[in-house]
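Contents: one structure, followed by commentary.
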Number of protein chains: 2
Amino acid sequence: MIVIFVCKQCPARSRRARGHMALRVEGTKALAETTVDKLADDMAEAILSGEFAPGSRLDEQLLAQRYAVSRTPVREALRQLATTGLIEVRPRRGAIVTQVTPAQLEELFVAMGELEATCARLAAMSMLPTERRRLQALHERMGVLARQGDALAFADCNHDLHTMIYAGAHNGVLADMTQALRRRLAPFRRAQFHLEGRLPRSLSEHDAVIAAIVRGDAAGAHTAMLHHVTLVERSFEELCEEQVRNP
Amino acid sequence: MIVIFVCKQCPARSRRARGHMALRVEGTKALAETTVDKLADDMAEAILSGEFAPGSRLDEQLLAQRYAVSRTPVREALRQLATTGLIEVRPRRGAIVTQVTPAQLEELFVAMGELEATCARLAAMSMLPTERRRLQALHERMGVLARQGDALAFADCNHDLHTMIYAGAHNGVLADMTQALRRRLAPFRRAQFHLEGRLPRSLSEHDAVIAAIVRGDAAGAHTAMLHHVTLVERSFEELCEEQVRNP
DNA sequence: AATGTAAGTCTTGCATACAAGAAATGAGTC
DNA sequence: GACTCATTTCTTGTATGCAAGACTTACATT
């Protein structure tokens, strides 16, 4: 979200000239205003959605044609994606979508769990009363959704709940890192909400986390969150094994 | 470090043609082979060393002249640095070296502490006997250096010690993130090793961390490391205040 | 004097062009 | 028939050029 403070009196020209600023709200990213940013966003989305399969080559010319731009902005976008780990650029040999090995996936899940648990611990220590109340309220709403069996809305709220916890840690650096990791793992987590009985199970795990945070139990929040994320990972693994058996 | 598996029988030409690969060792970065990578490294170094002051503008043409290249690779390097948070590129308004506010610095230190503590916890759980022994050995060597008052060698070993702990967590993702944060904070940590009495104090703090890791006490390692990093931060703050008083 | 306007200059953003390295192809050799 | 080597083709890496947006300066207005 971008908030712009505008002096209605000043015509557009002088507004810029005097440096009236577009203030960015804390913790948000600027909207993609330049071609490169749009490209990077689009390509990241295409990778995360699986359209660009892991291991596939990203030909600069093809991408340039696809997005109707020249190679220059494509290259800049590719470099940007490379530093996020989504793709790999091999000097003089082009870029490929990063192939995540099972071992690396395991590491990503573990790292994610640790970061989330850390956020939960900090949140338990430093959340404001308002934040705790809103967290509790969201959790209760998810209880209703779970009973209604609305997996889609539940997933949305689940995302908000976790984001709320990152924010509650009151540490932008940590929140950004955790969010980034979460995004990278999104493709692997998506499927599991359709698993039978996942919703109520998820809810009861959340219960422990939320309760610990609300009562300010740092160690408890850490443990409960680690447990929760580990279970999410476990059910992902089960899903994989199942797919191997019944492809 | 790069390890290349070579078939001695095949001449260089066919080796490439047949796709014999240069295997990158886990957890390391490729050497800068392309102009852009070299630029990015150089510029990052210049920023971290303070040559490019926080807030200063990075003019593409000037940079291109300085490194005797065209603007194209400079722009790509800038984009790369931007995603690491070292600089900020404002659309159509050029790049500036990120200005870290005291509040952000505090967040960086806290995040760093949490990550280091997490690494220590995981290391306590999953380090191999060899790794524990080497950690212990390095710690003892640092004891000697501290008694000799060799601050420079001590700082080197200190770096190695922490790196060893990241590696001991057996999680490349976490290790990379921690290392990156450590690098970003390096300019702010550098000065403090010259503080009076810092070496022996640092050593005794390490003692608690190492002991906990070696005996496999996960919770203890976490707590001790968090304590250690917090103290490092504290002494940095003291240093700042002192400089404010006697500039 | 302070603010608003307009022209001019400078910088960035993107496209195009060319050079150099890598893969692919095909002929020759053992 | 497998391997080597040379040649061709394709892709990436870097330089250059042009257009559009942002800053500067000088000027006009209240």
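All chains are named by letter (A, B, ...) in the order of the sequence lines, taking the proteins before the strands, and each is independently numbered beginning at 1.
In the set dT14(D), dC14(C), dT11(C), the nucleotide with an atom closest to the side chain of S70(B) is dT14(D). Considering only the side chain of T35(A), dC14(C) comes nearest among dG13(C), dT12(D), dC14(C).
Counting to the nearest Å, the C1' atom of dC10(D) and the CG atom of D59(A) are 9 Å from each other. Between Q65(A) atom CD and dT16(C) atom C1' the separation is 15 Å, expressed in whole Å. In this structure, L63(B) atom CG and dT14(D) atom P are separated by 16 Å, rounded to whole Å. Atom CZ of R71(A) is separated from atom P of dT12(D) by 7 Å (rounded to the nearest Å). Atom CD in Q61(B) sits roughly 14 Å away from atom C1' in dC18(D) (whole-Å rounding). Here dT11(C) presents its C1' atom at 15 Å from CD1 of I96(B), a figure rounded to the nearest Å. Between R92(A) atom CZ and dA23(C) atom C1' there is a gap of 14 Å when expressed in whole angstrom units.
When the shell of 6.0 Å around CZ of R141(A) is examined, it contains 12 or fewer heavy atoms from other residues, nucleotides or ligands. Atom CZ of R182(B) is surrounded by more than 12 heavy atoms from other residues, nucleotides or ligands within 6.0 Å.
For E106(A), there are no salt bridge (Lys or Arg N to Asp or Glu O under 4.0 Å) partners, not counting sequence neighbours.
Residues from residues 73-81 of chain B with heavy atoms under 4.0 angstrom of DNA chain C, sorted by number: R75(B).
With salt bridges taken as basic N to acidic carboxylate O contacts below 4.0 Å, one links E51(B) and R66(B).
Within the structure, ring pair (Phe, Tyr, Trp, His ring centres under 6.0 Å) contacts touching residues 78-119 of chain A (residues at least two apart or in different chains) are F109(A)-F236(A).
With contacts defined as side-chain heavy-atom distances shorter than 4.5 Å, the pair H170(B)/L122(B) does not qualify.
Residue R93(B) places no side-chain N or O under 4.0 Å from the OP1 or OP2 atom of dA20(D). Regarding contacts with the backbone of dT14(D), every side-chain N or O of T72(B) stays at 4.0 angstrom or more from both OP1 and OP2. Residue T34(B) places at least one side-chain N or O closer than 4.0 Å to OP1 or OP2 of dT14(D).
Two residues, L58(B) and V69(A), neighbour DNA chain C, and the one matched to the more 5' nucleotide by heavy-atom proximity is L58(B). Between E60(B) and A68(A), it is E60(B) whose nearest contact on DNA chain C lies nearer the 5' terminus.
Nearest heavy atom pair, residue L63(A) against residue L58(A), reads CD1-CB, 3.9 Å.
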